[in-house]
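Read the structure below first, then the notes.
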Amino acid sequence: MSDKHSEKNQNKMERGLQNRHVQIIAIAGTIGTGLFLGAGRSISLTGPSIILIYMLTGVFMYLMMRAIGEMLYYDPDQHTFINFITKYLGNGWGYFSGWSYWISLIFIGMAEITAVAQYVQFWFPTWPAWLIQIVFLAILSMVNLIAVRVFGEVEFWFAMVKIVAIIALIVTAIFMVLTGFKTPNGVASLSNISQNFQLFPNGFMSFVMGFQMVFFAYQAIEFIGITTSETANPRQVLPKAIKEIPLRIVLFYGGSLLAIMAIIPWRDLATTDSPFVIVFKLAGLKWAAALINFVVLTSAASALNSTLYSTGRHLYQIAHDSPNRFLNGIGAGKLSRQNVPKNAILTSAVVIAFAAFIKVLPGVSDSFVLITASSSGVYIAIYALTMIAHLKYRKSKEFMADGYLMPAYKFLNPLTLLFFAFVFVTLFLQKSTVVGAIGSAIWIVGFGMYSQWKFKSK
């Protein structure tokens, strides 16, 4: 395949993202809001060995990104990895993955817009949640509609907020450890991590449960691959963005968790309060809670911004691959003058906006929680189908031997599939996730069979 690319790809989307946009978005893509709010809960679950869970899960997510990266390097005009599932596993699985992924992203968007309202109400408790959600959604929709470079610039600065917060935490911890800083829980020291270390302090099952929690902290890491197709030089940008994932995981996840546990003995960590707030308060920052609230607000807004970007492109692709009367009617397969899938983005935004009214409707709120939990299991299925598509690509005539190859794929690809299967099974082992796991299994089997039947004759 030729390495020549015009300013627009085959779908005529503008290549307006710069290398700095993609590199910073790639860093932010590995840092979820859960790190700032849920780190205390995950640490209390299994102690210092949570770092091992983060690193192991990070390895498999990196391997998945190498598989996606290899296929996108071969064909950088594809702006969604779902296209490779269609190409190598057939239209049935492509149809299943396209709609399942779009719906899963919609529910992530709904969850993020709900979180945005909660974080804004930290400062303005009397403001109605639905109004906050609609205003934020409207602003971020406009960001996505103007031009892809505007999206890139906004996402760049959202990402910088998260990165600076984590670096500040790590620097604060280093200072406290070196000076023997005294806290109400003792002295800041690395011995807080190593003293009486146990791999399974709360039992083996708690350790196993840690994997599902950590896995979903990495969810949407594949977004890196989606953005590179709208850069001027995707074959230069993509390998660099993926190669640095391991370093980011070690620095941002490993560094943050080590910093927290060095300052606060892990058994003393509350599961309700953000460890980031606790650490900055100990450092004398009285407005630490407001600071971290601002960080998680930008993190949730960043996730919502990325969701609108991604859902728009996926719905646009679905409209091209599986056109129907509804998608044709709303013009989901058309680009605006700014070369963005305007109607697909607006349609996704309207569907996400339903989250603003869900809590008002009796009985619907509980269903929303169930469906959101179910979408998490569906995500795993799509990741697995992507890995199988990669195996098929390697055996195809189109295999690019001098491309950006996944190392030892014959062994590491099936091993990654086994890991995804393991995480899916863990969803059935906990009360809080079992109903969602059953829901996702029903969807995978039911919609999977329908998708195969729909394209069987074709």
Side-chain angles (χ1 to χ4, degrees), residues 11 13 17 25 28-29 32 68 78-83 85-86 94-116 133-134 136-148 150-152 154-155 158 219-230 300-324 326-327 329-336 338-356 358 368 371-372 374-376 378-379 382-383 386 443 447:
N11 290 320
M13 287 191 192
L17 290 178
I25 289 169
I68 291 174
Q78 300 297 341
H79 54 81
T80 163
F81 65 96
I82 299 294
N83 289 358
I85 296 175
T86 306
Y95 182 81
F96 166 84
S97 301
W99 278 112
S100 296
Y101 191 70
W102 182 78
I103 291 166
S104 296
L105 286 173
I106 288 293
F107 282 109
I108 288 173
M110 285 181 164
E112 294 298 349
I113 201 173
T114 304
V116 162
Q133 291 171 6
I134 297 299
F136 259 84
L137 195 57
I139 293 168
L140 293 177
S141 295
M142 288 301 296
V143 165
N144 273 270
L145 293 175
I146 297 168
V148 70
V150 176
F151 159 80
V154 170
E155 198 58 25
F158 276 157
Q219 197 167 290
I221 194 173
E222 74 283 353
F223 182 65
I224 304 165
I226 298 169
T227 57
T228 54
S229 67
E230 292 183 60
S302 166
L304 181 60
N305 194 33
S306 299
T307 298
L308 285 168
Y309 175 95
S310 195
T311 50
R313 271 114 189 115
H314 277 88
L315 191 61
Y316 172 83
Q317 194 62 47
I318 291 168
H320 275 270
D321 293 346
S322 309
N324 60 52
F326 173 73
L327 293 179
I330 61 173
K334 295 179 181 178
L335 295 177
S336 68
Q338 290 75 30
N339 298 308
V340 296
K342 176 185 172 183
N343 293 342
I345 291 169
L346 287 173
T347 302
S348 299
V350 168
V351 178
I352 290 171
F354 279 106
I358 279 172
F368 173 62
I371 295 167
T372 306
S374 300
S375 70
S376 299
V378 175
Y379 231 97
I382 295 164
Y383 284 167
T386 305
W443 174 268
F447 189 55

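The structure presented is a predicted model; accordingly, all values stated were derived computationally and were not measured.
- The minimum heavy-atom distance between G312 and A344, with the atom names listed, is O-CB, 3.2 Å.
- At least one side-chain heavy atom of L140 sits less than 4.5 Å from a side-chain heavy atom of N305.
- Side-chain contact check for L308 versus I352: some heavy-atom pair is nearer than 4.5 Å.
- Taken from OG in S310 to CG in L315, the straight-line distance is 11.0 Å, to the nearest 0.5 Å.
- N144 has its side chain out of reach of V340: every pair of non-hydrogen atoms, C-beta onward, lies at least 4.5 Å apart.
- The structure places CZ of R313 at 14.0 Å from CD1 of I318, a figure rounded to the nearest 0.5 Å.
- The side-chain heavy atoms of I108 and Q219, taken from C-beta on, include a pair separated by under 4.5 Å.
- Proximity of L327 to T347: side-chain heavy atoms (C-beta onward) are nowhere separated by under 4.5 Å.
- The six-membered or imidazole ring of F107 lies away from that of Y379, with a centre-to-centre distance of 6.0 Å or more.
- Counting heavy atoms from C-beta on, the side chains of T311 and Y316 never come closer than 4.5 Å.
- Note that CD of E112 and CG of L137 are 12.5 Å apart. Values are rounded to the nearest 0.5 Å.
- For P341 against L335, the heavy-atom pair with the smallest separation is N-CD2, 3.5 Å.
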Dump the intermediate steps for side-chain contact (heavy atoms from CB on, under 4.5 Å) on L304 and Y309, then the final yes or no.
CA-CA 9 Å; L304 181 60; Y309 175 95; over 6 Å; no
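- In this structure, A353 and I134 approach most closely via the heavy-atom pair CB-CD1, 4.1 Å.
- The side-chain heavy atoms of W443 and I103, taken from C-beta on, include a pair separated by under 4.5 Å.
- Residues I382 and I82 form a side-chain contact, since some pair of their non-hydrogen atoms from C-beta on lies under 4.5 Å apart.
- The heavy-atom pair separating F158 from A301 by the smallest distance is CZ-CB, 3.8 Å.
- F81 and H314 have perpendicular rings, their planes meeting at more than 60° on a 0 to 90° scale where under 30° would count as parallel.
- Looking at every heavy atom in both residues, H320 comes nearest to G333 through NE2-O, 3.1 Å.
- W102 pairs by the side-chain hydrogen bond (donor to acceptor under 3.5 Å, both in side chains) definition with S348, not counting sequence neighbours.
- Every residue two or more places apart in sequence or in another chain was checked for a side-chain hydrogen bond (donor to acceptor under 3.5 Å, both in side chains) with T307, and none qualifies.
- Once rounded to the nearest 0.5 Å, the distance linking CD1 of I221 with OH of Y383 reads 7.5 Å.
- For the pair A300 and V116, the tightest heavy-atom approach, listed with the atom from each and the gap, is CB-CG2, 3.8 Å.
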Verdict with supporting geometry, Y101 and E222, side chain to side chain donor-acceptor pair (under 3.5 Å):
CA-CA 12 Å; Y101 191 70; E222 74 283 353; 2.4 Å; yes
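- Note that CG of L346 and OG of S336 are 9.5 Å apart. Values are rounded to the nearest 0.5 Å.
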